[in-house]
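The block underneath contains the structure these notes are about, expressed in structure tokens.
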2 protein chains.
Amino acid sequence: MSGIKYEKIYEDLKMKIEQNVYHYQQFLPSENTLVKKYGCSRNTLRRAIGNLVDDGYVQTKQGKGVRVIYQDFGKNEYMFGETETFKEFAIRNHKKHRTEVIVFEELVVDQNLHEHTRFPMGVEVYHLKRVRYLEGNPVIMDYNYFRKDIAKGLTLEIAEDSIYEFLDRELDQRAVTAKRKMVVERTNEMDDKYLNLDGFNSVVVVTSHVFNANGVMFEYTISRHTPSNFVFFDQTQRK
Amino acid sequence: MSGIKYEKIYEDLKMKIEQNVYHYQQFLPSENTLVKKYGCSRNTLRRAIGNLVDDGYVQTKQGKGVRVIYQDFGKNEYMFGETETFKEFAIRNHKKHRTEVIVFEELVVDQNLHEHTRFPMGVEVYHLKRVRYLEGNPVIMDYNYFRKDIAKGLTLEIAEDSIYEFLDRELDQRAVTAKRKMVVERTNEMDDKYLNLDGFNSVVVVTSHVFNANGVMFEYTISRHTPSNFVFFDQTQRK
DNA sequence: TGGTATTTGTCCGTATGTATC
DNA sequence: GGATACATACGGACAAATACC
């Protein structure tokens, strides 16, 4: 019976909210009550509640209590965003998926590449261009740059499956921090050639810088999504 | 000399990181060192650092330390996202801004409106259609629904300036939690009529449900952005 | 290889402040 | 004013990962 206490409390409360034990607009029992119920300290309980706040499940108000603001908005069938990978996304939504590798090469970072990737000059990288298919439809063009010293042994076959599973399984690397920027751009020749744009003359361009647990930026990726398959969710607090 | 201690430590560290006192890839001094420096408890310091992690400034690793991963990516001139309002955004970027109100009316929530806004049936709401201009260019079409009992006294003149300033100043209401969904859609007749689409045949549609500090969902808004003026940033951690 | 010190992660108990009712 | 509830802050204990000798 190990595991992190605040995580368990968080999961239990979240489950109870999703299952309407605590319903929309209702107050949770007070901190002191929950402290007794879970047999934990107030700090630990507050940590669990803090995570629920971050996830948009509850709102706290001093002197009043902790109110549930979670509403079930349906399936969230499409959900790019978070740190989910393409394969995880496809499987979660029971979609057939496939990845076609167009380019697989090794490069050395020069001045030009340095400026838009932020990789140090002279570093060796794998460069890939990939087309991602969902239910037979080409929906994403990926341009990936991985540091060779970190993604050592990457092959074309791996790139057709899941690079992240490989990094995680073989090299004990995993993405820890991702910084992303999203814009919408007019399509280019490659988009027109490879993607099923469904009448759109634009794509959603997600640019990511990804850091591993050692603080090394090891991935720079540009993903060009067909608009019809792109959805992003987010929640923010401000006080 | 009041103010919240962990916020001050957070601000101080953030400032030092932005000004390269602690530079990219460098470790911060250890928690114990910083505890002595700031004259605070370890919990308080850790809270400040936790917020820096959430903001993508640093990464922590047990047994090693706290590493700076902040890089100055330039101006971030455009930055929809966060909870910033249109007016705040315009002022921060030194852009001339103007809002034109196309429709200002009062409605009662019926079955149809209930289903996509999630407002309770029978509630009275203000309904607005507004066009937002930046440097003379129409860049956003806003469709707002505000609960009348909460945004009491809203007028067309206020809607031309800033509804949020009004809510904050006059009614002590302010947005606390916003849940948003972003998609890209083909333009409709209104977009074509009012927006300067610059060759795009799509708009970025941001749908928001906004809760005030009392946990009441008081605003439902659909914002249709011209693609050329839309940028969204985000950072995520995963362990 | 192994042991020790360092560093962050988890958890506890307590005290005090502040907002709400 | 008093009771209740969340917010901030302190200090201490032990665990787990890492670094160093």
Side-chain angles (χ1 to χ4, degrees), chain A residues 1-13 22 25-54 57-69 172-174 176-177 212-216 237-239, chain B residues 1-13 22 25-54 57-69 172-174 176-177 212-216 237-239:
Chain A
M1 176 66 179
S2 76
I4 297 167
K5 210 162 177 177
Y6 72 84
E7 269 292 338
K8 292 192 167 187
I9 298 169
Y10 164 83
E11 290 295 344
D12 188 63
L13 289 171
Y22 304 122
Q25 292 293 0
Q26 187 182 358
F27 284 99
L28 297 187
S30 77
E31 289 179 352
N32 283 328
T33 309
L34 290 175
V35 158
K36 283 168 199 156
K37 175 172 171 186
Y38 288 109
C40 68
S41 74
R42 198 165 154 244
N43 280 336
T44 301
L45 182 84
R46 281 177 62 76
R47 185 157 178 181
I49 288 178
N51 289 340
L52 290 172
V53 171
D54 291 339
Y57 277 77
V58 300
Q59 223 181 28
T60 64
K61 193 169 186 193
Q62 187 174 163
K64 275 191 111 165
V66 181
R67 192 194 304 253
V68 176
I69 57 169
D172 200 33
Q173 296 288 342
R174 78 196 63 197
V176 169
T177 305
N212 72 2
N214 294 317
V216 181
Q237 330 291 325
R238 96 155 155 187
K239 297 233 157 173
Chain B
M1 177 65 177
S2 79
I4 297 165
K5 210 163 179 174
Y6 73 83
E7 270 291 340
K8 292 192 168 188
I9 297 169
Y10 164 83
E11 290 294 343
D12 188 64
L13 289 170
Y22 304 122
Q25 292 294 1
Q26 186 184 358
F27 284 99
L28 296 188
S30 78
E31 289 179 353
N32 282 328
T33 309
L34 290 174
V35 159
K36 282 168 199 157
K37 175 173 169 186
Y38 287 110
C40 67
S41 72
R42 192 163 158 241
N43 280 335
T44 301
L45 182 84
R46 282 177 61 77
R47 184 156 180 185
I49 288 178
N51 289 340
L52 290 172
V53 172
D54 291 339
Y57 277 76
V58 299
Q59 224 181 28
T60 64
K61 194 169 185 192
Q62 188 174 164
K64 270 192 116 168
V66 181
R67 191 195 306 253
V68 176
I69 57 170
D172 200 34
Q173 297 286 343
R174 78 197 63 196
V176 170
T177 306
N212 71 3
N214 295 316
V216 180
Q237 330 291 325
R238 95 154 152 188
K239 298 230 158 175

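All chains are named by letter (A, B, ...) in the order of the sequence lines, taking the proteins before the strands, and each is independently numbered beginning at 1.
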(request) Please identify each residue that fulfils side-chain hydrogen bond (donor to acceptor under 3.5 Å, both in side chains) with A:Q25, with sequence neighbours left out. (result)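 Partners of A:Q25 by the side-chain hydrogen bond (donor to acceptor under 3.5 Å, both in side chains) criterion, ordered by chain and then number, come out as A:R67.
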(message) Nearest 0.5 Å, please: how far is CD in B:Q59 from CG in B:L52?
(response)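 The distance works out to 13.0 Å.
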(request) Mind checking the CZ-CD1 spacing from B:R46 to B:I9? Nearest 0.5 Å is all I need. (result)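 So the gap between those two atoms works out to 13.0 Å.
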Rounded distance in Å - [atom1] ([X]) to [atom2] ([N]):
| X | N | atom1 | atom2 | result |
| --- | --- | --- | --- | --- |
| B:Q59 | C:dT8 | CD | C1' | 14 Å |
| A:E31 | D:dA7 | CD | C1' | 8 Å |
| B:I4 | C:dT18 | CD1 | C1' | 11 Å |
| B:N32 | D:dG12 | CG | P | 12 Å |

(request) Using the test side chain to side chain contact (heavy atoms under 4.5 Å, CB included), find all partners of B:N43 that sit at least two apart in sequence or belong to another chain. (result)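 Result, side chain to side chain contact (heavy atoms under 4.5 Å, CB included) vs B:N43: B:S41.
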(request) Not counting sequence neighbours, which residues clear ring-ring contact (aromatic ring centres under 6.0 Å, His included) with B:Y22? List them please. (result)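 Scan of B:Y22 (ring-ring contact (aromatic ring centres under 6.0 Å, His included), adjacent residues dropped) gives none.
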Look at the side-chain N and O atoms of [X] and state whether any lies under 4.0 Å from the OP1 or OP2 oxygen of [N].
| X | N | value |
| --- | --- | --- |
| B:T60 | C:dG9 | yes |
| B:K5 | D:dC10 | yes |
| B:Y6 | D:dA9 | no |

Listing time: all N or O pairs from protein to nucleotides 15-17 of chain D that are below 3.5 Å?
from	atom 1	to	atom 2	distance (Å)
D:dA16	O4'	B:Q62	OE1	3.3
D:dA16	N3	B:Q62	OE1	2.8

(request) Specify the closest pair of heavy atoms between B:K5 and B:C40, including all atoms of both residues, with the distance to one decimal. (result)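 Closest approach of B:K5 to B:C40, heavy atoms only: CE-CB, 3.9 Å.
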(message) I'd like to check the salt bridge (Lys or Arg N to Asp or Glu O under 4.0 Å) partners of B:R47; sequence neighbours left out, ordered by chain and number.
(response)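 With sequence neighbours excluded, B:R47 shows a salt bridge (Lys or Arg N to Asp or Glu O under 4.0 Å) to no residue whatsoever.
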(request) Please work out which residues in residues 36-54 of chain B have a non-hydrogen atom less than 4.0 Å from an atom of DNA chain C and list them by number. (result)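 Heavy-atom cutoff 4.0 Å gives B:R42, B:N43, B:R46.
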(request) Between B:S30 and A:E7, name the one whose nearest nucleotide on DNA chain C is closer to the 5' end. (result)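 Its nearest nucleotide lies further toward 5', so the answer is B:S30.
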(message) Treating A:N212 as the side-chain partner and A:G215 as the backbone partner, does any N or O pair qualify as donor plus acceptor under 3.5 Å?
(response)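 Such a contact is found between A:N212 side chain and A:G215 backbone.
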(request) Determine whether more than 12 heavy atoms belonging to other residues, nucleotides or ligands lie under 6.0 Å from atom NZ of A:K37. (result)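 Enclosed: over 12 neighbouring heavy atoms sit under 6.0 Å from NZ of A:K37.
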